**Student:** 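Handing you this structure, nothing more for now.
This is a predicted model, so every value here is computed, not measured.
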Amino acid sequence: MGFLTEMFTRPRPQEHLRYRAALALLHSMSNADRADIGIKPADFPRVAREMSSR
């Protein structure tokens, strides 16, 4: 039971906040913008992970 309490009381790492911000940025782009850089909605999680790790 201690593990669950510790898991929920720890602060989230900053990468999680950057991942959510990157994902929001990708979702806010228009279809033309996405086509220009060559990404599809299926690529969003991978691209957001790469953006958040920088």
**Student:** Would you give the length of the straight line joining atom CE of Met51 to atom CG of Leu25, rounded to the nearest 0.5 angstrom?
**Tutor:**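 The CG atom of Leu25 is 5.0 Å from CE of Met51, to the nearest 0.5 Å.
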**Student:** Show me the donor-acceptor pairs, under 3.5 Å and distance only, between side chains in residues 38-49 and residues at least two apart or in other chains.
**Tutor:**
unit_1 : atom_1 : unit_2 : atom_2 : d
Asp43  : OD2    : Lys40  : N      : 3.2
Arg46  : NH1    : Glu50  : OE2    : 3.3

**Student:** Give every residue pair that meets the side-chain hydrogen bond (donor to acceptor under 3.5 Å, both in side chains) criterion with at least one member in residues 23-33, sequence neighbours excluded.
**Tutor:**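 Output for this query lists Ser30-Asp33, Asn31-Arg34.
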